[in-house]
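One structure is given here, and the rest of the page talks about it.
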Amino acid sequence: MGWAIALHGGAGDIPHSLPPDRRLPREAGLRHCLDVGIAALKAHKHPLDVVELVVRELENYPHFNAGKGSVLTSSGTVEMEASIMDGKSKKCGAVSGLSTVVNAVSLARLVMEKTPHIYLGFHGAEAFAREQGVETADPSYFITPENIERLKQAQDANRVQIDYTQPVQKEATDAAATIPNGDSQIGTVGCVAVDSEGNLASATSTGGLVNKMAGRIGDSPIIGAGTYANHLCAVSATGKGEAMIRGTVARDVAAVMEFKGLSLKEAAAYVIDQVPPGNAGLVAVSSTGEIATVFNTTGMFRACASEDGYSEVAIWDSPLK
(Lines give C-alpha, C1' and ligand atoms only; values in the text may rest on other atoms or scores of the structure.)
Protein backbone atom coordinates (compact mmCIF):
# COMPACT_ATOMS: atom_id res chain seq x y z
CA MET A 1 0.00 0.00 0.00
CA GLY A 2 1.21 3.50 -0.85
CA TRP A 3 0.00 6.81 -2.18
CA ALA A 4 -1.31 7.11 -5.73
CA ILE A 5 -2.79 9.87 -7.85
CA ALA A 6 -4.52 10.12 -11.21
CA LEU A 7 -5.91 13.13 -13.03
CA HIS A 8 -7.58 13.86 -16.34
CA GLY A 9 -8.17 16.75 -18.68
CA GLY A 10 -11.12 15.20 -20.49
CA ALA A 11 -11.97 12.37 -22.86
CA GLY A 12 -13.32 12.51 -26.39
CA ASP A 13 -12.64 11.98 -30.08
CA ILE A 14 -9.10 13.36 -29.85
CA PRO A 15 -7.50 13.00 -33.30
CA HIS A 16 -3.99 11.54 -33.49
CA SER A 17 -3.30 14.41 -35.88
CA LEU A 18 -3.88 16.97 -33.12
CA PRO A 19 -1.46 19.82 -33.96
CA PRO A 20 1.50 20.33 -31.60
CA ASP A 21 0.29 23.80 -30.64
CA ARG A 22 -2.90 22.19 -29.33
CA ARG A 23 -1.28 19.08 -27.84
CA LEU A 24 1.94 20.27 -26.20
CA PRO A 25 0.42 22.88 -23.85
CA ARG A 26 -1.97 20.27 -22.51
CA GLU A 27 0.79 17.72 -22.02
CA ALA A 28 2.78 20.35 -20.12
CA GLY A 29 -0.27 21.20 -18.03
CA LEU A 30 -0.86 17.57 -17.13
CA ARG A 31 2.78 17.10 -16.11
CA HIS A 32 2.73 20.27 -14.02
CA CYS A 33 -0.48 19.31 -12.24
CA LEU A 34 0.78 15.78 -11.64
CA ASP A 35 3.96 17.18 -10.08
CA VAL A 36 1.86 19.44 -7.84
CA GLY A 37 -0.17 16.47 -6.66
CA ILE A 38 2.86 14.25 -6.08
CA ALA A 39 4.56 16.94 -4.02
CA ALA A 40 1.44 17.36 -1.89
CA LEU A 41 1.14 13.62 -1.24
CA LYS A 42 4.83 13.38 -0.38
CA ALA A 43 4.26 16.24 2.07
CA HIS A 44 1.55 14.08 3.70
CA LYS A 45 -1.33 16.32 2.66
CA HIS A 46 -4.76 14.71 3.02
CA PRO A 47 -6.11 13.40 -0.31
CA LEU A 48 -9.03 15.84 -0.05
CA ASP A 49 -6.55 18.73 0.01
CA VAL A 50 -4.58 17.14 -2.82
CA VAL A 51 -7.48 16.73 -5.24
CA GLU A 52 -8.71 20.25 -4.54
CA LEU A 53 -5.23 21.65 -5.12
CA VAL A 54 -4.74 19.77 -8.40
CA VAL A 55 -8.18 20.61 -9.78
CA ARG A 56 -7.62 24.27 -8.92
CA GLU A 57 -4.46 24.13 -11.02
CA LEU A 58 -6.39 22.56 -13.88
CA GLU A 59 -9.14 25.18 -13.57
CA ASN A 60 -6.54 27.94 -13.84
CA TYR A 61 -5.10 26.42 -17.01
CA PRO A 62 -6.92 27.92 -20.03
CA HIS A 63 -6.28 24.92 -22.29
CA PHE A 64 -8.71 22.74 -20.31
CA ASN A 65 -12.50 23.04 -20.16
CA ALA A 66 -12.91 24.24 -16.57
CA GLY A 67 -12.40 27.54 -14.82
CA LYS A 68 -10.46 29.90 -17.08
CA GLY A 69 -10.89 27.61 -20.11
CA SER A 70 -14.62 26.95 -19.73
CA VAL A 71 -16.64 26.64 -22.92
CA LEU A 72 -19.69 28.79 -23.62
CA THR A 73 -23.42 28.18 -23.47
CA SER A 74 -25.75 28.91 -26.37
CA SER A 75 -26.20 32.36 -24.82
CA GLY A 76 -22.46 33.05 -24.94
CA THR A 77 -22.06 32.79 -21.17
CA VAL A 78 -20.02 30.58 -18.86
CA GLU A 79 -21.74 28.19 -16.43
CA MET A 80 -19.18 26.24 -14.44
CA GLU A 81 -19.80 23.30 -12.13
CA ALA A 82 -17.76 21.07 -9.82
CA SER A 83 -17.93 18.54 -7.01
CA ILE A 84 -15.64 17.02 -4.40
CA MET A 85 -15.94 13.99 -2.11
CA ASP A 86 -14.08 12.43 0.80
CA GLY A 87 -14.03 8.66 0.78
CA LYS A 88 -13.85 7.90 4.51
CA SER A 89 -16.68 10.17 5.65
CA LYS A 90 -18.56 10.28 2.34
CA LYS A 91 -18.92 14.00 2.88
CA CYS A 92 -19.32 15.83 -0.41
CA GLY A 93 -20.12 19.17 -1.96
CA ALA A 94 -21.20 20.37 -5.38
CA VAL A 95 -21.95 23.56 -7.30
CA SER A 96 -23.44 24.48 -10.67
CA GLY A 97 -24.21 27.55 -12.74
CA LEU A 98 -21.20 29.60 -11.64
CA SER A 99 -20.26 32.61 -13.75
CA THR A 100 -17.80 34.54 -11.55
CA VAL A 101 -16.11 32.02 -9.21
CA VAL A 102 -12.49 31.47 -10.23
CA ASN A 103 -12.20 28.00 -8.66
CA ALA A 104 -15.48 26.12 -8.61
CA VAL A 105 -13.94 23.10 -6.87
CA SER A 106 -13.06 25.17 -3.81
CA LEU A 107 -16.60 26.50 -3.57
CA ALA A 108 -17.85 22.91 -3.75
CA ARG A 109 -15.64 22.08 -0.79
CA LEU A 110 -17.02 25.04 1.14
CA VAL A 111 -20.55 23.80 0.46
CA MET A 112 -19.45 20.48 1.97
CA GLU A 113 -17.79 22.02 5.02
CA LYS A 114 -19.77 25.19 5.73
CA THR A 115 -23.39 24.29 4.94
CA PRO A 116 -25.83 21.52 5.89
CA HIS A 117 -26.30 20.85 2.18
CA ILE A 118 -24.47 19.04 -0.61
CA TYR A 119 -25.41 20.98 -3.74
CA LEU A 120 -25.88 24.70 -4.45
CA GLY A 121 -26.57 26.15 -7.88
CA PHE A 122 -26.72 29.38 -9.86
CA HIS A 123 -27.72 32.52 -7.92
CA GLY A 124 -27.64 30.72 -4.58
CA ALA A 125 -24.16 29.36 -5.23
CA GLU A 126 -22.91 32.77 -6.37
CA ALA A 127 -24.36 34.42 -3.25
CA PHE A 128 -22.70 31.79 -1.06
CA ALA A 129 -19.39 32.44 -2.82
CA ARG A 130 -19.64 36.14 -1.97
CA GLU A 131 -20.50 35.32 1.64
CA GLN A 132 -17.45 33.07 1.91
CA GLY A 133 -15.13 35.59 0.30
CA VAL A 134 -13.81 33.24 -2.37
CA GLU A 135 -11.96 34.68 -5.35
CA THR A 136 -14.26 35.90 -8.10
CA ALA A 137 -13.73 37.63 -11.43
CA ASP A 138 -15.78 39.42 -14.02
CA PRO A 139 -17.42 36.88 -16.35
CA SER A 140 -15.20 38.20 -19.17
CA TYR A 141 -12.19 36.63 -17.38
CA PHE A 142 -13.43 33.16 -18.33
CA ILE A 143 -14.33 33.92 -21.95
CA THR A 144 -11.37 33.23 -24.23
CA PRO A 145 -11.17 34.00 -27.97
CA GLU A 146 -10.82 30.28 -28.65
CA ASN A 147 -14.08 29.51 -26.89
CA ILE A 148 -15.90 32.31 -28.70
CA GLU A 149 -14.79 30.68 -31.96
CA ARG A 150 -15.82 27.23 -30.71
CA LEU A 151 -19.28 28.50 -29.93
CA LYS A 152 -19.61 30.13 -33.34
CA GLN A 153 -18.57 26.90 -35.06
CA ALA A 154 -21.04 24.86 -33.00
CA GLN A 155 -23.89 27.28 -33.63
CA ASP A 156 -23.15 27.39 -37.35
CA ALA A 157 -23.45 23.60 -37.40
CA ASN A 158 -26.51 23.65 -35.10
CA ARG A 159 -25.04 21.22 -32.59
CA VAL A 160 -24.04 20.82 -28.97
CA GLN A 161 -20.34 20.05 -29.06
CA ILE A 162 -18.89 17.32 -26.89
CA ASP A 163 -15.20 17.04 -26.15
CA TYR A 164 -12.65 16.57 -28.92
CA THR A 165 -13.99 15.64 -32.33
CA GLN A 166 -12.57 15.35 -35.81
CA PRO A 167 -12.46 18.30 -38.23
CA VAL A 168 -15.00 18.25 -41.07
CA GLN A 169 -15.83 20.19 -44.17
CA LYS A 170 -18.35 23.04 -43.96
CA GLU A 171 -21.04 21.11 -45.79
CA ALA A 172 -20.85 18.08 -43.51
CA THR A 173 -23.99 17.31 -41.51
CA ASP A 174 -22.72 14.68 -39.08
CA ALA A 175 -23.85 15.65 -35.58
CA ALA A 176 -20.51 14.51 -34.19
CA ALA A 177 -18.61 16.86 -36.48
CA THR A 178 -16.38 19.57 -35.14
CA ILE A 179 -14.27 22.65 -35.65
CA PRO A 180 -10.93 23.12 -37.42
CA ASN A 181 -7.79 21.55 -35.92
CA GLY A 182 -9.87 18.89 -34.21
CA ASP A 183 -10.03 21.06 -31.13
CA SER A 184 -13.50 21.54 -29.70
CA GLN A 185 -12.20 21.57 -26.12
CA ILE A 186 -12.25 18.59 -23.86
CA GLY A 187 -15.09 18.25 -21.45
CA THR A 188 -13.89 18.00 -17.87
CA VAL A 189 -10.96 18.01 -15.46
CA GLY A 190 -10.65 15.81 -12.42
CA CYS A 191 -8.32 14.24 -9.87
CA VAL A 192 -8.40 11.25 -7.53
CA ALA A 193 -5.88 10.47 -4.80
CA VAL A 194 -5.13 7.99 -2.03
CA ASP A 195 -2.53 8.35 0.71
CA SER A 196 -0.39 5.68 2.36
CA GLU A 197 -3.08 5.16 5.00
CA GLY A 198 -5.77 4.39 2.43
CA ASN A 199 -7.66 7.68 2.69
CA LEU A 200 -9.38 8.50 -0.61
CA ALA A 201 -10.81 11.60 -2.31
CA SER A 202 -12.11 12.71 -5.69
CA ALA A 203 -12.88 16.03 -7.38
CA THR A 204 -14.22 17.01 -10.80
CA SER A 205 -14.79 20.37 -12.51
CA THR A 206 -16.03 21.52 -15.91
CA GLY A 207 -17.43 24.26 -18.09
CA GLY A 208 -19.78 21.74 -19.68
CA LEU A 209 -20.59 21.41 -23.39
CA VAL A 210 -20.03 23.92 -26.17
CA ASN A 211 -23.38 25.52 -27.10
CA LYS A 212 -25.23 23.80 -24.25
CA MET A 213 -28.57 25.28 -23.22
CA ALA A 214 -28.30 27.80 -20.41
CA GLY A 215 -29.12 25.98 -17.18
CA ARG A 216 -27.96 22.56 -18.40
CA ILE A 217 -26.26 20.48 -15.68
CA GLY A 218 -23.91 17.62 -16.53
CA ASP A 219 -22.40 14.76 -14.57
CA SER A 220 -19.42 16.58 -13.07
CA PRO A 221 -21.29 18.03 -10.06
CA ILE A 222 -23.47 14.96 -9.54
CA ILE A 223 -22.21 12.64 -6.84
CA GLY A 224 -22.26 9.08 -8.15
CA ALA A 225 -22.17 10.10 -11.81
CA GLY A 226 -19.09 12.27 -12.33
CA THR A 227 -17.54 12.03 -8.87
CA TYR A 228 -17.50 9.40 -6.15
CA ALA A 229 -15.31 8.18 -3.30
CA ASN A 230 -15.79 5.67 -0.50
CA HIS A 231 -13.58 3.28 1.50
CA LEU A 232 -12.75 1.24 -1.61
CA CYS A 233 -11.96 3.72 -4.35
CA ALA A 234 -12.16 7.26 -5.69
CA VAL A 235 -13.43 7.99 -9.21
CA SER A 236 -13.59 11.06 -11.47
CA ALA A 237 -15.40 10.62 -14.78
CA THR A 238 -15.32 12.53 -18.06
CA GLY A 239 -17.20 12.42 -21.34
CA LYS A 240 -20.79 13.06 -22.32
CA GLY A 241 -22.55 14.02 -19.11
CA GLU A 242 -25.93 12.63 -20.06
CA ALA A 243 -24.40 9.18 -20.63
CA MET A 244 -22.49 9.33 -17.37
CA ILE A 245 -25.61 10.26 -15.42
CA ARG A 246 -27.66 7.46 -16.97
CA GLY A 247 -24.91 4.99 -16.13
CA THR A 248 -24.15 6.31 -12.61
CA VAL A 249 -20.60 5.69 -13.75
CA ALA A 250 -18.53 6.84 -10.78
CA ARG A 251 -20.63 5.05 -8.16
CA ASP A 252 -20.88 1.90 -10.24
CA VAL A 253 -17.11 1.38 -10.14
CA ALA A 254 -17.27 1.24 -6.34
CA ALA A 255 -20.42 -0.91 -6.41
CA VAL A 256 -18.90 -3.46 -8.78
CA MET A 257 -15.80 -3.68 -6.59
CA GLU A 258 -17.93 -4.21 -3.48
CA PHE A 259 -20.63 -6.52 -4.78
CA LYS A 260 -18.82 -8.43 -7.54
CA GLY A 261 -15.44 -8.56 -5.83
CA LEU A 262 -13.58 -7.17 -8.83
CA SER A 263 -10.30 -5.30 -8.71
CA LEU A 264 -10.31 -1.58 -9.47
CA LYS A 265 -9.07 -2.08 -13.04
CA GLU A 266 -11.60 -4.84 -13.69
CA ALA A 267 -14.43 -2.78 -12.22
CA ALA A 268 -13.51 0.37 -14.17
CA ALA A 269 -13.29 -1.57 -17.44
CA TYR A 270 -16.64 -3.27 -16.76
CA VAL A 271 -18.42 0.01 -16.04
CA ILE A 272 -17.02 1.89 -19.04
CA ASP A 273 -17.98 -1.07 -21.24
CA GLN A 274 -21.62 -0.51 -20.22
CA VAL A 275 -21.58 3.06 -21.60
CA PRO A 276 -22.19 3.52 -25.36
CA PRO A 277 -18.86 3.76 -27.23
CA GLY A 278 -17.39 7.22 -27.68
CA ASN A 279 -19.00 8.68 -24.58
CA ALA A 280 -16.98 7.96 -21.46
CA GLY A 281 -13.70 7.86 -19.60
CA LEU A 282 -12.57 7.86 -15.98
CA VAL A 283 -9.60 7.88 -13.69
CA ALA A 284 -9.68 6.02 -10.38
CA VAL A 285 -7.51 4.88 -7.50
CA SER A 286 -8.18 2.20 -4.89
CA SER A 287 -7.45 2.20 -1.16
CA THR A 288 -4.49 -0.10 -1.85
CA GLY A 289 -2.91 2.26 -4.38
CA GLU A 290 -4.13 0.61 -7.59
CA ILE A 291 -4.69 3.02 -10.52
CA ALA A 292 -7.18 2.73 -13.39
CA THR A 293 -7.47 5.02 -16.42
CA VAL A 294 -10.14 3.71 -18.79
CA PHE A 295 -12.01 5.25 -21.73
CA ASN A 296 -14.11 4.19 -24.73
CA THR A 297 -13.35 7.36 -26.69
CA THR A 298 -10.45 7.91 -29.08
CA GLY A 299 -8.38 9.35 -26.26
CA MET A 300 -8.31 10.86 -22.80
CA PHE A 301 -5.86 13.45 -21.51
CA ARG A 302 -4.55 11.90 -18.31
CA ALA A 303 -1.63 11.56 -15.92
CA CYS A 304 -0.96 9.30 -12.97
CA ALA A 305 1.75 8.27 -10.52
CA SER A 306 2.24 6.05 -7.50
CA GLU A 307 4.64 5.78 -4.59
CA ASP A 308 6.45 2.81 -6.15
CA GLY A 309 7.84 5.11 -8.85
CA TYR A 310 5.31 4.51 -11.62
CA SER A 311 4.43 7.63 -13.61
CA GLU A 312 2.58 8.25 -16.88
CA VAL A 313 1.27 11.10 -18.99
CA ALA A 314 -0.86 9.95 -21.91
CA ILE A 315 -3.57 10.89 -24.40
CA TRP A 316 -4.16 7.79 -26.50
CA ASP A 317 -3.44 4.13 -25.71
CA SER A 318 0.31 4.62 -25.41
CA PRO A 319 2.03 6.81 -22.78
CA LEU A 320 3.64 10.03 -23.95
CA LYS A 321 7.41 10.21 -23.79
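Throughout, residue positions are numbered sequentially from 1 according to the sequence presented. All heavy atoms count here, side chains included; hydrogens, waters and symmetry mates do not.
- Environment of CG in Asp308: crowded, with over 12 heavy atoms of neighbouring residues, nucleotides or ligands closer than 6.0 Å.
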Can you give each donor-acceptor pair under 3.5 Å made by side-chain atoms of residues 129-138, sequence neighbours left out, with the distance rounded to 0.1 Å?
from: Asp138; atom 1: OD2; to: Ser140; atom 2: N; distance (Å): 2.9
from: Asp138; atom 1: OD2; to: Ser140; atom 2: OG; distance (Å): 2.7

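- Under the rule for a side-chain hydrogen bond (donor to acceptor under 3.5 Å, both in side chains), the partners of Thr204 that lie at least two apart in sequence or sit in another chain are Thr227, Ser236.
- Arg159 has its side chain out of reach of Asn211: every pair of non-hydrogen atoms, C-beta onward, lies at least 4.5 Å apart.
- Panel note: side chain Arg246, backbone Gly241; no donor-acceptor pair is recorded below 3.5 Å.
- Looking at residues two or more places apart in sequence or on another chain, you find a salt bridge (charged side-chain N to carboxylate O under 4.0 Å, His left out) between Arg109 and Asp49, Glu52, Glu113.
- Sequence neighbours left out, the pairs with a member in residues 32-46 that pass side chain to side chain donor-acceptor pair (under 3.5 Å) are His32-Glu57.
- In the hydrophobic cluster analysis, where Ile, Leu, Val, Met, Phe, Trp and Tyr join through side-chain heavy atoms closer than 4.5 angstrom, Val101 is grouped apart from Tyr119.
- For the pair Phe295/His8, no side-chain contact is recorded, criterion being any heavy-atom separation below 4.5 Å from C-beta on.
- With contacts defined as side-chain heavy-atom distances shorter than 4.5 Å, the pair Asp252/Val249 does not qualify.
- Listed for the Asn147 side chain is no donor-acceptor partner under 3.5 Å among the backbone atoms of Thr144.
- Remark: Ser75 engages no residue in a side-chain hydrogen bond (donor to acceptor under 3.5 Å, both in side chains) (not counting sequence neighbours).
- No donor-acceptor pair closer than 3.5 Å links the side chain of Arg22 to the backbone N or O of Pro20.
- Stacking of Lys68 on the aromatic ring of Tyr141 is recorded, both the 6.0 Å distance cut-off and the 45° axial limit being met.
- With hydrogens and angles ignored, the 3.5 Å screen pairs no side-chain donor or acceptor of Asn279 with any backbone N or O of Gly239.
- Nearest heavy atoms, Gly207 versus Lys212: O-NZ, 3.0 Å.
- Shortest non-hydrogen contact noted between Leu200 and Ala234 is CD2-N, 3.9 Å.
- Across all their heavy atoms, Cys233 and Leu264 have their closest contact at CB-CD1, 3.9 Å.
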Please report the C-alpha distance between Leu98 and Glu79 in whole Å, then the side-chain angles of each, then the deciding distance to 0.1 Å, and finally whether the side chain to side chain contact (heavy atoms under 4.5 Å, CB included) criterion is met.
CA-CA 5 Å; Leu98 303 179; Glu79 291 183 356; over 6 Å; no
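- Shown here for Ala292 and Ala268, the closest heavy-atom pair between the two residues is CB-CB, 3.9 Å.
- Counting heavy atoms from C-beta outward, Thr297 and Trp316 have side chains that stay 4.5 Å or more apart.
- Looking at Arg251 and Asn230, their side chains come closer than 4.5 Å, going by heavy atoms from C-beta outward.
- Ala201 pairs by the side chain to side chain contact (heavy atoms under 4.5 Å, CB included) definition with Pro47, Leu48, Val51, not counting sequence neighbours.
- Panel note: side chain Glu81, backbone Ile217; no donor-acceptor pair is recorded below 3.5 Å.
- Remark: Thr288 pairs with Ser286 by the side-chain hydrogen bond (donor to acceptor under 3.5 Å, both in side chains) rule, at least two apart or across chains.
- Of the residues Asn65, Val54, Val105, Leu58, the one that meets the side chain to side chain contact (heavy atoms under 4.5 Å, CB included) test with Val189 is Leu58.
- Arg216 meets the salt bridge (charged side-chain N to carboxylate O under 4.0 Å, His left out) test with Glu242; sequence neighbours excluded.
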ask   = Would Met257 and Ser263 count as a side chain to side chain contact (heavy atoms under 4.5 Å, CB included) if you check the C-alpha gap in whole Å, the side-chain angles of each, and the deciding distance to 0.1 Å?
value = CA-CA 6 Å; Met257 289 182 69; Ser263 70; over 6 Å; no
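- Hydrophobic clustering of Ile, Leu, Val, Met, Phe, Trp and Tyr side chains at less than 4.5 Å, counting indirect connections, keeps Leu107 apart from Met85.
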Evaluate Glu126 against Ser99 for side chain to side chain contact (heavy atoms under 4.5 Å, CB included), listing each step before the verdict. CA-CA 8 Å; Glu126 289 280 349; Ser99 59; 3.4 Å; yes
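- Cluster annotation: Leu151 and Met80 are assigned to the same hydrophobic cluster (Ile/Leu/Val/Met/Phe/Trp/Tyr, side-chain heavy-atom contacts under 4.5 Å, transitive).
- Residues Leu262 and Val271 share a single hydrophobic cluster, defined by chaining ILVMFWY side chains whose heavy atoms lie under 4.5 Å apart.
- Checking side-chain atoms of Asn199 against main-chain N and O of Glu197 turns up no donor-acceptor pair under 3.5 Å.
- Counting heavy atoms of neighbouring residues, nucleotides and ligands inside a 6.0 Å radius, atom OH of Tyr270 does not exceed 12 of them.
- The hydrophobic cluster containing Val55 does not contain Ile118, counting ILVMFWY residues as joined when their side-chain heavy atoms lie under 4.5 angstrom apart, directly or transitively.
- Each of Thr238, Val235, Val192 was checked for a side chain to side chain contact (heavy atoms under 4.5 Å, CB included) with Val283, and the lone residue meeting it is Val192.
- For Ala280, the side chain to side chain contact (heavy atoms under 4.5 Å, CB included) test picks out Met244, Ile272, Val275, Asn296, with sequence neighbours left out.
- Side-chain N/O atoms of Ser202 and Tyr228 include no donor and acceptor closer than 3.5 Å.
- Under the rule for a side chain to side chain contact (heavy atoms under 4.5 Å, CB included), the partners of Ala305 that lie at least two apart in sequence or sit in another chain are Trp3, Ile5, Leu34, Ile38, Ser311.
- Ion pairing between Asp86 and Lys90 fails under the 4.0 Å rule for side-chain N and carboxylate O.
- In this structure, Pro139 and Val78 have side chains that are not in contact, with every pair of non-hydrogen atoms separated by 4.5 Å or more.
- The minimum heavy-atom distance between Leu232 and Ala254, with the atom names listed, is CD1-O, 3.9 Å.
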Using the side chain to side chain contact (heavy atoms under 4.5 Å, CB included) rule, take Arg302 and Leu30 through it: C-alpha gap first, then chi angles, then the decisive distance, then the call.
CA-CA 7 Å; Arg302 63 200 188 275; Leu30 290 172; 5.8 Å; no
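- Residues Ser83 and Ile222 have side chains not in contact (no heavy-atom distance under 4.5 Å, counting atoms from C-beta outward).
- Taking the side-chain hydrogen bond (donor to acceptor under 3.5 Å, both in side chains) definition, one finds that Asn103 meets it with Arg56, Glu59, Asn60, sequence neighbours left out.
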Check: Checking side-chain hydrogen bond (donor to acceptor under 3.5 Å, both in side chains) for the pair Thr298/Asp13: CA distance, chi angles, key distance, verdict?
Finding: CA-CA 5 Å; Thr298 303; Asp13 186 12; 2.7 Å; yes
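- Using a distance-only test at 3.5 Å, with no hydrogens or angles considered, a donor-acceptor pair links the side chain of Gln155 to the main chain of Ser74.
- For Glu27 and Arg31, the salt-bridge test passes: some basic side-chain N is under 4.0 Å from an acidic carboxylate O.
- Tyr61 meets the ring pair (Phe, Tyr, Trp, His ring centres under 6.0 Å) test with His63, Phe64; sequence neighbours excluded.
- Annotation: side chain of Glu149 is in contact with side chain of Lys152 (closest heavy-atom distance under 4.5 Å).
- Heavy atoms from other residues, nucleotides or ligands lying under 6.0 Å from CD of Glu258 number more than 12.
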